Amino acid sequence: MEDIYSDLLMEKVDLADYKPLPEGSSQYPLEYIETNSIIKLKENEDTIYVGCCDPSNIALLENLRNFHKKRIVFYEIDRNELSGFLGEKLSNLNNRDKKVWTTAAEKLLLDKLANDAPIINLVNSTIIEAIRLGASDIHIECFSSEMVIRYRLDGYLHTVNSLEKENFPAVATRIKIMSNLNIMERRLPQDGRITVHLGDDMVDMRVSIVPIANGESIVLRLFNKKNAPLSLGQLGLSEDNLKLLKKMSGFPNGLVLLTGPTGSGKTTSLNAILQHIKSDTQKIITIEDPIEYVIDGVNQIQTNERIGLTFDSILRRVLRQDPNIIMVGEIRDYQTAELSIRSSLTGHLVFSTLHTKDSLSVITRLKNMGVEPYLISAVLRGSVAQRLVRIICEGCRKKVKPSKNEKELLSRYKLPAGPLFKGEGCKLCRNTGYRGRIGLFEMFMTDNEVEKMIAEGRREAEIRSYLSSNGMKPIIFDGLNKALQGITTISEVERAVSA
Ligand SMILES: [Zn+2]
């Protein structure tokens, strides 16, 4: 596990060897250097060399990695040497005492504000209400006149509270304290985590804080551990698609990919597949970021980039664990793509996700990542594209006549001209007309002909037309059918499909 500790084993250097150090705008602010015991030693076109006194402060190193676009090399430096350097700097500025005093006083004040009962109550009730409503994210922002709290429900943001903007620093500090972040840091983005226990629920929250013009933007993403994973039957698959997906998941080896933008339900579907195929006779290992659902009988591993546990580094080790089925949360780079393909070639069934617009573009995406077409053709078993649409609220669903455009759209896909449905808005759906979401799907399984076409490097359009003539339906077709069944509206389908 040597690479996990690479940051901890950083080389020790003498600060004096790097003098003159970068200054002014090419150096970190003095306050930041002082608080975090960190300093920029040298910077060139593609690399920043940073000296730090505490190599075990992984959160800080990770923050810097996120902040800088360049490669960062960390060196350990001596704390006394840094203090000496700061002493020189500050006495040169002739305001050393004042500076230290202000920082300390401000920290005390923030601490006091953030631990005030009304602020604690506000933050707690904001989180509890979000969990109760099933929100996926909480957004807390400070605008010029007020501070706004919004929840993302079924994919849409709703304002739930607006308060005087004077409350913002205390709220932001409270959240930083809860997620173990530096409360004095307001210039660099910070990432943290909070775990909340609420009765039987355990909710993990990923916290992201980014400086904006009026202060900071805070986003909490909620992962409720208690949410049971959906079954395959609950995803909204048509009968044909359900059959096809079961078939694809039954291969002894190969690669099955799920595609779609962020928030299109790929992870939920992957978990439903695993739930469906798990059995006593097979070992299933997943590598996830983060683990969204806990599935009994499946070995789930959480990535942790700050200690070097990336998708590819875990995958390398997981292969020694003799798994039958591996789920890799996401293929983001060549290393992960190459390893996933090698695993599929050596007798494992691998599931993963890719950020592509439709089911067929996985071929081009893998090629663009540097994977040879003959390898894609050898391992790819199938691909599923997915989007989410909102479900019409059952409390206020009404039949409606299709518009001229809707009729045209339906007839283009040789579907009946209605009737269609919509939600009029009621208490149950907070007057939105929708409640809950369901998936739209497009998928294909490879056959000898498709494998040949991929290996020959044929264009996506050619492969698509072959598959269409063999029964593959585009994602919009699935959506229009769901609109005719009264599950969703055509405007939802059009919005989802164009995403
Ligand atoms: Zn309603």
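Below, each value reflects all heavy atoms present in this structure, side chains not excepted, and no hydrogens, waters or symmetry copies. Here, residue 1 is the first one in the sequence, and each next residue gets the next number. Every number for a ligand or one of its atoms is a count from 1 in the order of the listing. Predicted model, so just to flag it, every value in this text is computed and none were measured.
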Residues 250-258 side chain polar contacts: donor-acceptor under 3.5 Å, at least two apart:
unit_1	atom_1	unit_2	atom_2	d
N253	OD1	R381	NH2	2.8

Check: How many N, O or S atoms of the protein are nearer than 2.8 Å to the Zn ion (ligand 1)?
Finding: 4

Next item on the list: Tell me, please, whether Y156 has R390 positioned over its six-membered ring: NZ or CZ under 6.0 Å from the ring centre and within 45 degrees of its axis?
Entry: yes

Check: If you look only at pairs with a residue in residues 153-163, which of them pass as a salt bridge (charged side-chain N to carboxylate O under 4.0 Å, His left out), with sequence neighbours excluded?
Finding: none

Next item on the list: Say whether S238 and D240, considering side chains only, have a donor N or O and an acceptor N or O under 3.5 Å apart.
Entry: no

Notebook entry, point to check: Among all residues two or more places apart in sequence or in another chain, which pass the side-chain hydrogen bond (donor to acceptor under 3.5 Å, both in side chains) test with T126?
Noted result: none

Margin query: For the residue pair K165 and F168, would you count it as a cation-pi contact if the rule is NZ or CZ under 6.0 angstrom from the ring centre and within 45 degrees of the ring axis?
Written below: no

